[in-house]
Each structure stands twice: as structure tokens, then as C-alpha cells.
2 protein chains.
Amino acid sequence: MSVSVREVAATAGVSVGTVSNVLNRPDKVSPSTVERVQAAISQLGFVRNDAARQLRAGRSRSIGLVVLDVANPFFTDVARGAEDRAAEDGLTVLLGNSDENPGRQSAYLDLFEEQRVHGVLISPLGDVGDRLSRLRARGTPTVLVDREIADRSFSSVAVDDVAGGYLAVSHLAAIGRTRIAFVGGPHSIRQVVDRLEGARKAVAEHPGVVLETIDTDSLSVLQGRSVGEQLLARPAGERPDAVFAANDLLAMGVLQALNMLGDVRVPRDIALIGYDDIAFASAAVVPLSSIRQPSALIGYTAVDLLMREAEGGEDFEHEQIQFQPELIIRESTAG
Amino acid sequence: MSVSVREVAATAGVSVGTVSNVLNRPDKVSPSTVERVQAAISQLGFVRNDAARQLRAGRSRSIGLVVLDVANPFFTDVARGAEDRAAEDGLTVLLGNSDENPGRQSAYLDLFEEQRVHGVLISPLGDVGDRLSRLRARGTPTVLVDREIADRSFSSVAVDDVAGGYLAVSHLAAIGRTRIAFVGGPHSIRQVVDRLEGARKAVAEHPGVVLETIDTDSLSVLQGRSVGEQLLARPAGERPDAVFAANDLLAMGVLQALNMLGDVRVPRDIALIGYDDIAFASAAVVPLSSIRQPSALIGYTAVDLLMREAEGGEDFEHEQIQFQPELIIRESTAG
DNA sequence: TCGCAGAATTAAAACGATTCAACGCCCGCT
DNA sequence: AGCGGGCGTTGAATCGTTTTAATTCTGCGA
């Protein structure tokens, strides 16, 4: 069926070892032989069997990336950055989407483990510390993306989410808003918790400003829309005058819902700020203020760290890299 | 380093064959043995080596999907549909992003071929017919996504893009626009060509309506923005009064650019319609009219077709499935 | 008691690429 | 002529799982 290195060797009149050398270290083989083998390869249409290669090598040539939501442009940007860095070392990125679901997250970790991936990048959900420790004990370096773990036993690349939350709410307070709602969830996602913490910190510094929290089941446009509808249903006096959404998807959902009814206007009645600064944020009905994260850089750096950890071996000093978020002001929080 | 079935067999006091049976056909093994082996497995922390498995099996348990742009929500939706269907058969989807770049497309096909994937789904770029024929000759079923190939030698799942283009431009004509610009490119992407053809067809049926085409290098927000700026730079009299963009990303870019300047309003001065109806389209500055495609269903159906073709073997009758697009009218083409 | 079907288990042969120690060869040097 | 040292090449062993044919074991009917 499929042609193997053995057949290539036969038609080229050399041994299998030589074929392998042509494939992997052509400089160790005489030019004339290289040519003969190449000819046999293209004549037979030989294609390397990656499984056999990996079996022998003991490791695959890819790294696994588990994200919370592929539909979120923030994560596709991270993935792109990761791919770029991986490509520099001839590695491939396997993208797994946990969809904020612990079962799927676990399934992808199993898969990556069976595949003997070079390393794992994960934006974790819930408590997977033990699972990841085991993985690492088996020799698979692991880097946390967009989240730090308290005990510093893992390398990580993150953005200071507390600072981000603080930036957002300070800004809302600065433009004179006093009844602020934080929209986000679930609380098993660390980013949500941290951004909320930052929000609380900012509120504490501004007397007279109160913070309400509205929980959601996920960080999607749909969930945002339902929160928006919920806000509309309230009597006007009980509505917040500003909303800080845990990510842009939620914020855009809220915006869509609020825009349905003419009597609530953004930003006049409710100022709105999101998080991530995805490309679509600036194109929203009302261009969305947001907290920008260097998404592609996060992915790039994470893989970089992973490679360093892979080389460093056992006694590698785990490194926590943290970027600072940036406030982007647009129309949705004007005035 | 890593524990193998051999060690599991040793500690459980059975042969490797039995361990394999416990893993794959537990019903063929006596309950007491199953239990003993399971115990050994978890005690040693054994994890199957997928490479060895694949080597033996001759095929991997995943299917490859090559899309034109992962940043385009349309394709992530397709991917999600494909994943869902693949999961039903215990398969994984490997997502490759060609980024509208023939080199990358080719690299992913190579990769998938080396991995001996179960099948390939591809939204092709340029002329890859030969390449795909070779792939299929090697026993890898292939299904084209979002594009039909003229000679019907491949199975495909697509949406009638000519009809979509026709719908869009007929709608623009119906609301009284007469100077229509088609924005899209490159022409190596079939969807672009077909949508333009549909547009031409519609124009032909409406005397007095003229069509101008503006080429782009890719179907991204950035390209759209530069087209928008280009339009703004023209004297008012030479601007089109409607724009049909080959996808929503482009359309949103155009919209962003037009919105910068107060004197051109959408839809008053320029009506705008996109294609794909991505989730963000309805949340745009001016909610975007678009042509909706059943994206997740496309992915789902494509994998389904792939599985059928894989079973059917050599003499499988290639099937071309075509869905019909749907016109979604929003504010960007009101009045 | 013997034989035998059927179930449970085993041992060995794949799968295909890589690696490494060993080997042959040619050349230059003494 | 003899010797040593590279270079190119070889062949066999190896990675870890699955599969098959062969083997042992069990109980049951004749």
C-alpha cells in the first residue's frame, strides 16, 4: 500500500540506513548517493511515516495548546503567536478547545499525553494543578497561559489581570460613574476572579462608588446579551450607570441587547468597557473601550518559555512572566 | 522513563497481549484479570503511546482540516461543526491555517500526509487539484469545503456562492442603488470569483446599475479598512452608492474606515453588505446586512461525507452537497 | 474416564523509521 | 609495502503497540 524506506533503499540500491541519512543528515552522504536516493523517493512517491519516526524518537514534534474558547479572537491571536514561535523550531501547534468545560479540558490533556507532545500550553480551568504536575513529572514541560498559579511551581505567561480590572473601573469612576456592575463568570476561571478583584480595589479608592456583580455561565456574546436584557428589564432607577464586562465578547453581547431599546443609550445612560481589545471591539455599534493585552506576544513568549524549560531539564527555574495591560478608551465610555 | 505495556504486563503477571486486550477488548478478558491489569496501569501511571498505536494501525485517528483563515469566525464555526461530527466517531480534528498562503497550505498537506490522517478537509487555495488527487490515490479521502471543483472528481460541501452574490446585489438594486462596488480578492480564491459572478448576474438583470470591482490582497479587516480609506479619498461624486464585500471581515473594515469621516454615512450615502453573517456582524457600528451560510453544518456534513467516502472505498460515488445561502437584512442596507 | 468445545491466555511477528557500532575502502604518509 | 585515519555505507537492534496463530485451561457430555 504505502511505500516505506525499505523500498526506497531497494530501488536506489542502498541500505535503509543510508536513506535515513539522506533524509536527516544529507551532508553525511556523498552527493551522488543523495541524488540517487532523492530520485527513488520522488519516483515512488515516498512519504515519511511520522508515527514510526515519533515512536523511535520518543517525542512528537508538536506542542499542545488548550484554550478556553476558540471562538474568542483573543485566543486565536494567542494561538497565532504560539504557532509563529513553534515554527521557528520546526514544531507544530495542536489546538484544543476546552470550551470552558473541565471534561473536554481533561480529554485534550489525555490526548496530548498519549501523543507524547513536546510540551503543553494551557489556559487552565478549575483546579488542574495535580493533573499538570503529573504531566510534568512524566517529562512534559508545561506553561500556563494567561494565568499564574499561586505556588509558583509552574512557568507562566500572563497579564496582570488585577491591574487590568483596576484600570477599567478607575476609568469608569474617573468619568463620574458611581453605580458600576461587573459582569462575568464562572468563577472557576481565574481571569474573572482577578479582574473582579482589581475592580474592587478601584472601587475601594473611590468613596461613593458601588460595585454590583452579575454572574454569567460563560464568557460568550450570548451570555452578554442575556445580561443586557436583564438590565433592560429593570426599572430605570435600578440600573447601573456603568458596566465592566470580563471580556469583549460579553461586552458586545450587552451592547447588542441595550441597543435594541432606544431609551437606554451607551454611553449616555450606561458606560461600557470590555477586556481583551479584540479586533471587532473597535468596530462595534458603539466602539468599545477595552483593556488591551498583547495576545500574540503572550503565545509567542509562552512557547519560548516552554522551549527553555524543555532544555533546562529537571532543575529549571520556573519563570513567571507578566505583561501589563493597557487601557483603550473609545466611545463606549466617552464623557 | 516512560512506562510501556511490557512493564504493566510484568507487574500484573500477565502477557503483553492480555494488557492490549484489556485496553481494546475488555470483554474478551476475564473480569479478575481485567481488574488486576487496571490496577497495574494506574499504579504505574501507564499512558498509551499513540505513535506506536498508529504505526501498527497504519492510520492516525485524526482528520486534517485546512482553512483559509482561523481569524475568520466563519471558519472557526466550520471547524466546530467538523469537530462535533468527528467526535462521534472518536476522531480528532487537526486544524491547519493556510492564511491564504499556498506555501503554508502545502506544508499542512505534507504534515497531514506524514501523519497518515484519516482524511482531509480543505478549503482550497489556487490550483491544488493534482496535489489532492495524489493524496487520495494514497488512500486518504478528501472533501472540499466551501468549494466545488469543476470536474466533480471530488466530494464537496459548499454553499452556492453564485446565488449568494446574486442575492446580495439584487438586494442592493432593490433598494435603489445603482453604482455598486464589489470588494474582494485574491481571485485565486474561488469563493471570491463566484460571488462576483453572482453579482454580475444580478447587475445584468437591472438596467442602469453598474458594477465596479475593487481588488484586495486578502479577505481581512485590515484590507477592508484600506479600501474604505481609498473610497473616502475619492471625490464624492465618484464614490459608489453601495458596496458588496466578499466577506464580513472586509465589510467591517470598510465600515470602520467610512465611519471615521462624518460626511459619508452608511447606509445613507453608501449601503454596505457583507458575506458569512459572522456573529460580530450584527454588533457592528451599523449592524451589517450579510449573506448567511450554515457554517457549523458545513463542517459537520463535510466530515460525514468523509466518513462515508472512507467506508465506500475505491468506487465511491463522489457527492457534491450544496446549501443555499440566505439574505440577512440589517441597518447597513436600510432604505 | 476420555475427549473436546470453547474460553482465556500467550508468544512472536509485524508496523516503519532511526541510530550506532562495525566495516570496507581509498588515500597519504612513513 | 604497510599502516592509520577518514569517509561512506551497512545491518541489526530498537521504539511500544496490536494482532494472529498457537497453547493452555475449564468444564461438560458421552
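In this text, all values refer to a predicted model and were calculated from it rather than measured experimentally. Below, chains carry the letters A, B, ... as their sequence lines are ordered, and counting in each starts from 1.
- Closest approach to the A/S15 side chain among D/dT10, C/dA17, D/dT18 is made by D/dT10 (side chain taken as heavy atoms from C-beta onward).
- Contact annotation for B/V14: backbone-only contact, meaning every heavy-atom pair under 4.0 Å involves sugar-phosphate atoms and none involves a base.
- Within 4.0 Å (heavy atoms only), B/R48 reaches sugar-phosphate atoms of the nucleic acid but no base atom.
- Counting any heavy atom pair closer than 4.0 Å across all strands shown, A/S4 reaches sugar-phosphate atoms only and no base atom.
- A salt bridge links B/R80 to A/D99: at least one charged side-chain nitrogen sits closer than 4.0 Å to a carboxylate oxygen.
- For the OP1/OP2 pair of D/dT14 and a distance below 4.0 Å, the side-chain nitrogens and oxygens of A/R56 include no atom meeting the criterion.
- A sub-4.0 Å separation between OP1 or OP2 of D/dT18 and a side-chain N or O of B/N24 is present.
- Using a 4.0 Å heavy-atom cutoff across all strands shown, A/S30 reaches sugar-phosphate atoms only and no base atom.
- For D/dT19, one of the phosphate oxygens OP1 or OP2 lies less than 4.0 angstrom from a side-chain nitrogen or oxygen of B/R25.
- Considering only the side chain of A/S20, C/dT18 comes nearest among C/dT10, C/dT18, D/dT17.
- Across all strands shown, A/G17 has heavy atoms under 4.0 Å from base atoms, whether or not it also approaches the sugar-phosphate.
- Within the nucleic acid shown, A/D50 has no heavy atom closer than 4.0 Å to any nucleic acid atom.
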